[in-house]
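What's counted below: heavy atoms across the whole structure, side chains too, no hydrogens, waters or symmetry copies. Bear in mind the structure is a predicted one, so any value in this text is a computation, not a measurement. Every chain is numbered from 1, with letters handed out A, B, ... down the list of sequences.
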Amino acid sequence: MRFAPSPTGSLHVGGARTALYNLLFARHEKGTFLLRIEDTDVERSRDELISQILSAMEWLGLEYDEGPFYQSRRYDLYREAADRLVSEGKAYRAFETSEELDAQRKAAEASGRAYRYSGAGREMPPDESDRRAREGQRHVVRLKMPAETIVVDDLIRGRVEFPAEALDDFVLVRSDGHPLYHFCVCVDDTEMRITHVLRGDDHLANTPKHVALFRALGAPIPKFAHLGMILGTDRKKLSKRHGAAAVEEWRDLGILPEALVNFLALLGWAPGGDREILSREEMEREFSLDRVGPSPSVFEPEKLLWMNQQYIARMPAEEILNRSLPFSPAGLPEAEVARKAVELHRPRVRTTVEMGRALSSYVRDPAEYEPEGFRKHVKPDTAAHLEDLARRLEEVSDWSAPSTEAALRETAEKAGISAGKLIHPMRLALTGTTVGAPLFDVVELLGKDTTLLRLRRFVEAARAAAPQAPTS
RNA sequence: GGCCCCAUCGUCUAACGGUUAGGACACGGCUCUUUCAAGGCCGGAGCACGGGUUCGAUUCCCGUUGGGGCCA
């Protein structure tokens with residue numbers, strides 16, 4: 001098996017799924033999986049994209065047994081193969097200029113026929129062809145397509161037929177000597193002894209070309225399996241326009257590689273039963289093309305987020321901490337607090353970005369108070385009540401969730417107000433928001449000093465916002 | 001334009017001629033609760049359409065429609 005991306009963009013989720021399925025199939029069948037970089041398109045290929053693709057694959061845990069191989073370093077191989085096909089009469093040189101071809105195309109259009117290359121070069125006697133080549137006349141090399149229907153037995157779609165009329169003698173080597181995509185693919189697949197080509201649906205229509213090429217090369221024809229495309233929520237082929245289409249974007253959004261892999265595995269493949277969360281080992285053990293569907297599927301970020309949350313829910317605290325560290329701008333609180341904070345926030349975050357932010361809040365005071373919540377929960381007498389509360393909390397010696405809660409409820413009762421009148425503004429004081437983990441758990445983790453500090457800072461802010469409210 | 005592929009809840013999917021069409025995400029409700037989640041329970045939601053084949057079609061065949069891809 002092989003995964004063969006072109007470094008003309010970063011690895012996107014469609015490519016990642018293709019790579020994953022290749023890997024799963026290879027592992028299941030005890031085969032070999034290799035990586036080949038198809039960088040023959042010199043205008044569009046970029047080196048930094050190659051390293052991005054490699055690191056994205058590594059991040060996802062898509063390890064390959066061989067490679068990466070680079071097509072740009074294999075030109076000799078393609079040149080030899082092209083020469084051989086020409087000398088065997090399976091391909092031929094074509095000397096038409098692009099002006100001549102344009103004219104032919106226009107004429108075909110004008111007469112309302114579909115354009116096909118005339119195949120004029122086919123009939124040229126070999127010695128004339130050789131002579132003109134020796135004289136340095138510009139020419140391309142074209143494959144002699146057979147005049148028969150080409151049948152592809154796709155492992156996912158079954159039998160697909162391509163009538164000969166739809167295929168003309170396509171170009172293998174450009175007039176500047178540059179070998180073209182389909183040609184390199186087949187030469188490499190042959191040389192690398194690929195037995196199963198598992199790739200996106202967008203290549204199905206290219207497959208008859210490949211079959212013809214394999215035959216011309218005298219090579220065994222691999223088995224083909226074409227996956228349905230991955231679509232955006234607008235049902236168009238997934239691309240940058242759809243927001244996060246690249247693997248690294250999901251990484252930066254705080255998605256775990258395990259979750260993304262799991263999600264992609266299920267985009268087209270259905271293991272038996274109602275299982276949704278599968279380990280790599282289970283996937284490798286159970287993957288089968290029989291259970292891969294032919295239809296395209298829409299990439300639904302909501303479900304990926306849910307799956308990520310499932311992985312966060314199951315992961316050891318220590319591990320979550322490690323994964324969230326890059327997203328915690330203020331660093332981590334001390335170990336014991338950090339571990340407890342993970343447990344506290346685990347059920348209410350969906351990404352490691354959110355976890356990182358939550359962890360940061362134990363280290364860094366809130367930069368601002370959510371304005372709407374401030375308006376809602378800060379009344380003229382709030383500052384005074386919170387000040388009473390701070391004084392009362394000062395006296396708490398065994399700082400814990402229950403003891404601080406008792407202190408708060410006592411303060412509220414004395415003041416003749418409901419506990420909520422203190423709880424809500426206090427959450428705002430400590431976290432800057434009106435929603436989040438249970439208040440007294442936060443209080444306990446924050447510790448006495450930080451709690452009182454943030455509370456008093458908030459009292460000042462509340463006073464500043466309502467200076468006209470005198471309270472006794 | 002030519003050729004090719006695809007079609008079950010909004011989305012991912014199960015079903016391999018006979019099922020009250022199952023599960024998951026999302027959505028709604030209830031529960032828990034100081035807030036928000038998570039969890040538990042409940043609910044609404046689908047076989048694109050038209051012809052065949054068959055005792056019987058979501059399932060097989062053909063067409064229509066819709067979507068997608070490749071080539072130019």
> For nucleotides 63-72 of chain B, just jot down a letter per nucleotide in 5' to 3' order: B, S or -, based on protein non-hydrogen atoms under 4.0 Å.
----SSSSSS

> Give the B/S/- string for nucleotides 34-50 of chain B, one per nucleotide from 5' to 3', where a protein heavy atom under 4.0 Å of the base yields B, of only the sugar-phosphate yields S, and otherwise -.
BBBBSS-----------

> Can you tell me, in whole Å, how much space there is between the C1' of B/G23 and that of B/A15?
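Looking at atom C1' only, B/G23 and B/A15 are 12 Å apart.
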
> Answer with yes or no whether A/Lys303 presents, from its side chain, a donor or acceptor under 3.5 Å of a partner atom in the base of B/A24.
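Donor-acceptor pair under 3.5 Å: yes.
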
> Please tell me if A/Arg350 has a side-chain N or O lying less than 4.0 Å from either OP1 or OP2 of B/C25.
no

> Rounded to the nearest Å, what distance is computed from the CD1 atom of residue A/Ile150 to the P atom of nucleotide B/C3?
16 Å

> Relative to the ring of A/His210, is the ring of A/Phe214 parallel (under 30°), tilted (30 to 60°) or perpendicular (over 60°)?
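Ring orientation, 0 to 90° scale: perpendicular.
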
> Please measure how far the P atom in B/C12 lies from the corresponding atom in B/G18, and state the result in whole Å.
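One P to the other, the span is 25 Å.
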
> If I pick the P atom on B/C9 and the same atom on B/C70, what distance separates them, to the nearest angstrom?
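Looking at atom P only, B/C70 and B/C9 are 25 Å apart.
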
> Can you check the distance between B/A26 and B/A37, where both ends of the measurement are the P atom (answer in whole Å)?
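That atom pair is separated by 12 Å.
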
> Would A/Lys379 and A/Asp381 pass as an ion pair if we require N to O under 4.0 Å?
no

> Whole angstroms only, please: what is the CG-C1' distance between A/Leu305 and B/U11?
14 Å

> Can you check the distance between B/U59 and B/C16, where both ends of the measurement are the C1' atom (answer in whole Å)?
8 Å

> Does anything in residues 431-447 of chain A pair up under side-chain hydrogen bond (donor to acceptor under 3.5 Å, both in side chains), and if so which pairs, sequence neighbours excluded?
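As it turns out, the side-chain hydrogen bond (donor to acceptor under 3.5 Å, both in side chains) pairs with a partner in residues 431-447 of chain A, which skip direct neighbours, are A/Glu370-A/Thr434, A/Thr431-A/Thr433.
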
> What integer distance in Å separates A/Ile277:CD1 from B/G23:C1'?
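Answer to the nearest Å: 13 Å.
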
> Can you run down the ring pair (Phe, Tyr, Trp, His ring centres under 6.0 Å) pairs that involve residues 400-442 of chain A, sequence neighbours left out, and say none if there aren't any?
A/His377-A/His424

> Assign the ring pair A/Phe25 / A/His196 to parallel, tilted or perpendicular, where the plane angle (0 to 90°) is split at 30° and 60°.
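Geometry flag for A/His196 against A/Phe25: tilted rings.
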
> Compute the ring centroids of A/Phe374 and A/Phe458, then answer whether they are less than 6.0 Å apart.
yes

> Whole Å only: how far is the CG atom of A/Leu278 from the C1' atom of B/G23?
14 Å

> Identify whether any heavy atom of A/Gly200 sits under 4.0 Å from a base atom; if not, whether one sits that close to sugar-phosphate; answer base, sugar-phosphate or nothing.
nothing

> Does the protein touch nucleotides 27-32 of chain B at the base, only the backbone, or not at all? Give it as B, S and - per nucleotide, heavy atoms under 4.0 Å.
------

> In this structure, how many angstroms lie between the C1' atom of B/A24 and the CZ atom of A/Arg275, rounded?
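To the nearest whole Å, that distance equals 14 Å.
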
> Between A/Glu319 and A/Arg323, does at least one N-O distance fall below 4.0 Å, as a salt bridge requires?
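Yes.
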
> Using whole Å, what does the distance between atom P of nucleotide B/C61 and atom CZ of A/Arg159 come to?
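After rounding, the gap between these two atoms is 14 Å.
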
> For A/Glu38, is there an ion pair with A/Arg36 - N to carboxylate O distance below 4.0 angstrom?
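A salt bridge is present here (some side-chain N lies under 4.0 Å from a carboxylate O).
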
> Among A/Val247, A/Thr18, A/Val13, which residue satisfies the side-chain contact (heavy atoms from CB on, under 4.5 Å) criterion with A/Leu264?
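Going through A/Val247, A/Thr18, A/Val13 one by one, the side-chain contact (heavy atoms from CB on, under 4.5 Å) with A/Leu264 is satisfied by A/Val13 alone.
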
> In whole angstrom, give the distance that lies between atom CG of A/Asp290 and atom P of B/A14.
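Distance check: A/Asp290 CG to B/A14 P gives 12 Å.
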
> Taking atom C1' in both B/A14 and B/G46, what distance in whole Å separates the two?
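It works out to 13 Å between them.
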
> Which residue is it: A/Arg27, A/Arg291, A/Arg280, A/Arg275? I am looking for the one with a salt bridge (charged side-chain N to carboxylate O under 4.0 Å, His left out) to A/Glu286.
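Per the salt bridge (charged side-chain N to carboxylate O under 4.0 Å, His left out) rule, the option paired with A/Glu286 is A/Arg275, out of A/Arg27, A/Arg291, A/Arg280, A/Arg275.
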
> Start at the 5' end of RNA chain B and walk down; is the nucleotide closest to A/Glu276 or to A/Phe162 reached first?
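The 5'-side residue here is A/Phe162.
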
> Answer with yes or no after comparing the ring centroid distance for A/Tyr21 and A/Trp269 against a 6.0 Å cut-off, counting only values under it.
no

> Taking B/C25 as the reference, what is the distance to B/G43 when you measure between their P atoms (whole Å, please)?
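My reading of the P atoms in B/G43 and B/C25 gives 15 Å.
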
> Report the residues that fulfil side-chain contact (heavy atoms from CB on, under 4.5 Å) with A/Pro5, sequence neighbours left out, ordered by chain and then residue number.
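For A/Pro5 the side-chain contact (heavy atoms from CB on, under 4.5 Å) partners, ignoring immediate neighbours, are A/Phe3, A/Leu35, A/Ile37, A/Ile53.
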
> Is the distance between the ring centroids of A/His139 and A/Phe95 under 6.0 Å?
yes

> Quick one: A/Met145 CE to B/C3 C1', roughly how many Å, whole number?
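Between C1' of B/C3 and CE of A/Met145: 12 Å.
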
